[in-house]
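Convention: sequence-line order gives letters A, B, ...; per-chain numbering from 1.
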Amino acid sequence: MRPQKKQIKHVIKAVLFHLLLLLILSVILFPCYYIVMTSFRSAAALSTDIWPSSVSWENWKYVLGLQYYDAELSQIRYPDFPILKWLWNSIKVSSLTAILVVLLSTSGAYAISRFRFRFKRRLMITLMIFQMFPVMMAMVAIYLMLDTIGQYIPSFGLDTHNGLILIYLGGTPFFMWLIKGYFDSIPPSTEEAALIDGCTRWQTFYHVLLPQSIPILCVVALIIFIQTFADFILPSIILKSQDKLTLAVGMRFFIEGKFTTRWGQFAAASVLGSIPIVVIFMLINKYIVSGLSAGATKE
Amino acid sequence: MRFLRSHVILYGLFLIVNIGLLWLFFASCIFKLFGFAVFVLIYFVIFNVIFLHPKAYPIRYLLPGVTTFVALLIFPLVYTIYVSFTNLGTGHYLSRQDVQTLLLSETIQPEDGLSFFYEVGYRSDRPSNPYALILFQSSHDRIVYTAILPKLDSIDSKTPIQLKEIKLSPLFDTPQDWLRHKQYEPVSKRWKIKNRQYLKKVKLFFPKSMNMPKGIVLSLVHIHRFAQQTPKYRLIDSEKLKDQITGIIYTHNARSGFYENKKGDRLLPGFTTFIGIRNFGKLFTDPRIIGPFAKVFIWTNLWALFTVFLTFSLGILLSLFLQNQNLSGRAFYRIMLIIPYAIPFFISVLIWKGLLNTDFGIVNNVVHNVFGIRVPWLDLPLLAKMSCLLVNLWLGYPYMMLISTGILQSIPAQIYEVANLDGIGKIRQFFSLTLPMVMSAIAPLLVGSFAFNFNNFVGIYLLTGGGPPMIGAQTPAGETDILASYTYRLAFEGGAGNDFGFAAAIAILIFFIIGGLSLINFKIFGFMKEETT
């Protein structure tokens with residue numbers, strides 16, 4: 001073919017590809033667009049609108065805990081559900097869990113990555129298998145366990161954030177494996193040099209390996225943060241008072257059957273709750289890929 | 001050996017942990033938590049062995065992570081296994097000892113027992129004993145009984161208050177007159193109602209000098225009456241309960257979990273009892289259970305299978321599209337396509353639940369405008385299942401897309417060049433070249449995704465709550481229930497009460513399935529090949 005014809009063919013192909021992708025993208029992302037639009041929709045607008053006919057901030061006022069105008073009751077009032085508080089609860093629980101789990105898992109990851117000892121392989125497999133037992137299945141046990149703990153140490157019992165975080169601390173093996181994967185990709189030469197110079201193992205861990213892996217540990221902490229933030233099952237079993245709910249449980253409670261009256265407010269709450277997570281996710285997404293497919297790809 | 005600061009810290013920590021463990025052990029013994037004490041002891045031994053044995057040096061590092069794991073995951077797991085062998089649930093929540101104590105504290109008012117009306121008077125100048133109580137059987141009684149009551153919140157039901165017998169002089173017409181004479185202001189009925197929780201704690205007894213039958217204690221049985229109450233049951237043979245009025249004897253039945261008499265009448269509440277493998281047996285033999293359970297099991301498998309298949313297909317398709325070097329703006333598309341995965345699960349699922357709402361969801365609004373009908377997406381069994389799969393596809397394809405991209409990038413481009421030279425068509429290239437290479441790398445992740453979705457509680461429960469209910473099922477089972485949501489509803493949403501024992505049995509079963517799958521996964525795909533350092 002003559003060069004121009006080939007070029008034209010290329011251009012057409014490219015345009016077609018773009019069109020196809022944009023089509024797929026618009027179908028897939030339509031719910032997101034719709035939700036954002038809905039959060040600005042006033043109660044008077046029709047739900048079939050693609051573009052809201054009237055823009056109102058009332059839903060956002062509700063979500064942020066400010067006084068708002070309730071169209072149903074035709075009055076100005078304070079919101080009855082503490083959405084911002086739920087968001088804060090989720091952030092608080094997720095951050096604490098992330099930090100604590102990373103602290104607990106890192107030393108274990110170091111052992112698996114840098115040492116050779118008997119039963120290492122079998123131990124890892126056992127840990128992973130048992131971690132497959134979804135925490136949700138032991139819900140009765142966890143409920144009763146926290147109930148008992150709560151009788152002796154009230155601040156760690158049922159319906160407390162401490163109790164919830166305590167249960168999350170059981171999820172260390174997976175992250176031990178994840179961090180181990182990252183440790184494996186750091187060459188041990190610096191540590192070996194330090195060992196030859198007379199450092200103890202602990203010193204090489206603490207003074208050589210850890211500083212190098214701080215960025216990776218931050219990423220793991222963020223992964224844990226995202227996972228905990230989105231968790232619905234454990235908080236729904238453990239937390240009961242409205243003030244203490246995390247966003248996940250609170251939103252479900254909030255929308256229970258009341259899609260007509262609360263849809264706009266729900267949309268605003270969804271956007272508010274999603275934005276931090278989406279942003280964090282975008283920042284670390286390439287690390288997630290490399291961590292998940294570690295061992296599966298040939299580097 | 002140099003005495004470094006780090007040594008001090010290490011030995012200090014070692015000592016502190018040991019002391020802490022010992023203290024925990026003794027504390028749990030005092031509190032009679034013997035099971036827990038045993039665990040603490042075992043851990044104490046293990047901890048010391050690990051830290052003192054030179055060869056166990058690496059394991060020290062594993063201790064923090066593994067400790068929390070064992071305490072917070074293994075322990076509940078073991079307990080769940082235990083529960084699956086009991087009948088724990090609504091109506092069987094307490095131990096037999098606790099139930100016995102509860103039944104023994106039940107009281108009734110004997111027919112020929114003493115019963116009095118009462119009035120209370122208040123005196124403000126006596127801060128520690130401001131109230132006077134007067135008991136009478138009719139308001140013109142001449143013989144009445146009085147008592148001085150302390151401040152309301154210091155009334156203790158374990159300390160009975162002594163009554164005094166008083167003969168009212170004819171000067172006083174009613175008990176209230178007597179109260180006023182003694183400078184007490186009679187309280188109103190509203191006061192009695194408002195403070196009844198304190199009045200309920202008042203226990204009155206007659207001093208020996210009054211020649212009343214022994215052991216009578218009066219307590220509030222009605223807002224206007226104090227009366228004699230006796231325990232309903234008495235313990236005989238240290239095991240059986242005898243109803244004081246009817247004389248019927250109740251013994252505890254370990255099989256049914258109730259105190260029963262010879263006829264089989266039961267006393268509530270029941271207690272938890274060990275019922276062996278009956279829960280598991282129920283699973284396999286009770287026809288009312290097998291039917292729904294089998295259906296739920298089949299759907300769970302189909303659900304996981306289809307989800308993996310659909311998400312993988314769409315994921316790899318999209319990542320192939322984006323592999324095309326000539327396409328500009330690939331990074332943009334990639335980022336945008338990941339968004340469904342980035343949004344927290346529960347938010348997305350709830351949003352979809354609203355979108356698919358039969359009457360108000362926008363999906364149906366569009367369908368209505370175009371086709372004139374409203375589709376009950378979440379209300380008909382087949383449609384509900386399809387909706388679940390579609391929503392999960394929307395949620396899950398980015399993950400597959402991400403990992404496919406990673407793997408596709410590692411396939412050297414020369415292979416395709418050679419194939420092109422050989423004249424092999426693009427489609428055949430995909431199926432014969434690309435797919436097998438991707439599969440070998442991605443297979444463990446696919447099995448992992450299957451296991452994840454097998455238990456993907458959130459995806460189902462938040463969208464349909466288990467789906468339109470199955471007709472004719474005795475236990476709450478829905479058409480879109482997967483084993484996980486079925487178990488959850490059984491344990492926490494049962495209409496006829498919660499059957500934790502049975503739910504635990506199912507949970508154990510699920511664990512074996514998932515565990516077995518994972519084990520096979522690891523064995524086949526050589527997880528954790530021993531690295532040579």
Side-chain angles (χ1 to χ4, degrees), chain A residues 10 14 17 21 25 28-29 31-32 34-35 47-48 104-105 107-108 110-111 115-117 121 124-125 129-130 132-134 136-142 145 166-167 169-170 172-173 176 229-230 232-233 248 251-252 255 259-260 263 270 273-274 277-278 281-282 285 289 292-293 296-298, chain B residues 58 61-62 64-66 68-69 72-74 76-77 79-80 83 321 326-327 333 335-340 342-347 350-351 354-355 357 360 362 365 394 402-403 406-407 410 441-442 445 451 455 457-458 462 484 491 500 503-504 507 510-511 514-515 518-519 522 528 530 533:
Chain A
H10 268 154
F17 251 135
L21 278 174
L25 208 61
I28 287 178
L29 290 184
C32 309
Y34 177 67
I35 278 292
S47 55
T48 47
L104 289 168
S105 320
S107 57
Y110 176 70
F115 288 112
R116 296 172 68 167
F117 53 92
R121 184 174 136 89
M124 262 319 271
I125 293 188
I129 298 266
F130 273 102
M132 296 278 170
F133 186 81
M136 186 233 143
M137 287 293 133
M139 52 197 151
V140 181
I142 290 175
M145 204 164 87
L166 193 65
I167 303 294
L169 294 183
T172 45
M176 271 200 248
F229 191 90
F232 163 77
I233 301 167
M251 298 256 294
R252 161 135 198 276
I255 200 71
F259 282 100
T260 33
W263 189 232
S270 306
S274 316
I277 301 293
V278 173
F281 195 89
M282 291 304 170
N285 93 72
V289 177
L292 285 172
S293 46
T297 56
K298 298 184 273 276
Chain B
Y61 291 85
L62 287 169
V66 175
T68 53
F69 173 67
L72 299 162
L73 212 63
I74 298 294
L77 171 59
Y79 188 76
T80 307
V83 169
F321 276 5
N326 300 328
L327 209 55
Y333 285 119
I335 300 264
M336 296 305 272
L337 283 172
I338 295 185
I339 288 184
I343 303 179
F345 258 28
F346 64 92
I347 292 183
L350 284 176
I351 292 178
L355 293 181
N357 188 306
F360 303 104
I362 190 163
N365 281 330
W394 188 86
L402 281 177
I403 52 183
I407 294 175
S410 69
I442 212 176
L445 294 171
N455 262 342
F457 174 77
V458 176
L462 284 185
F500 293 133
I510 297 180
F511 173 55
I514 303 277
S518 310
L519 203 59
F522 291 151
M528 286 277 308
E530 192 62 52
T533 342

K.L.:
Which value, rounded to the nearest 0.5 Å, describes the distance between I167(A) atom CD1 and L72(B) atom CG?
P.N.:
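I167(A) atom CD1 to L72(B) atom CG measures 5.5 Å (nearest 0.5 Å).
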
K.L.:
I need the minimum non-hydrogen distance between L62(B) and A111(A), along with the two atoms involved.
P.N.:
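So the two residues come closest at CG-CB, 4.0 Å.
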
K.L.:
Could you tell me the separation between the CD1 atom of I347(B) and the CZ atom of F232(A), rounded to the nearest 0.5 Å?
P.N.:
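Going from CD1 on I347(B) over to CZ on F232(A), the span is 13.0 Å.
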
K.L.:
With a 4.5 angstrom heavy-atom cut-off, is it the side chain or the backbone of F229(A) that approaches chain B, or both, or neither?
P.N.:
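Both parts, backbone and side chain.
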
K.L.:
Run the numbers on M336(B) and I28(A) for side chain to side chain contact (heavy atoms under 4.5 Å, CB included), then give the verdict.
P.N.:
CA-CA 10 Å; M336(B) 296 305 272; I28(A) 287 178; over 6 Å; no

K.L.:
Can you tell which of F346(B), F345(B), W394(B), Y79(B) has the highest number of heavy-atom pairs within less than 4.5 Å of chain A?
P.N.:
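Sorted descending by pairs with chain A, the first entry is F346(B).
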
K.L.:
Can you see which heavy atom on A342(B) is nearest to which on I277(A), and at what distance?
P.N.:
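Shortest heavy-atom contact: O-CG2, 3.4 Å.
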
K.L.:
Let me know if M176(A) has heavy atoms under 4.5 Å from chain B in its side chain, its backbone, both or neither.
P.N.:
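Looking at M176(A), just its side chain touches chain B.
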
K.L.:
So which of S107(A), G273(A), P173(A), C32(A) has the biggest tally of heavy-atom pairs under 4.5 Å with chain B?
P.N.:
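Highest number of pairs under 4.5 Å: S107(A).
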
K.L.:
Atom CG in L337(B), atom CG in L29(A): separation rounded to 0.5 Å?
P.N.:
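Going from CG on L337(B) over to CG on L29(A), the span is 7.0 Å.
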
K.L.:
Keeping the roles fixed (side chain from S274(A), backbone from I343(B)), state whether a donor-acceptor pair exists under 3.5 Å.
P.N.:
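Here the side-chain-to-backbone pair does not exist.
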
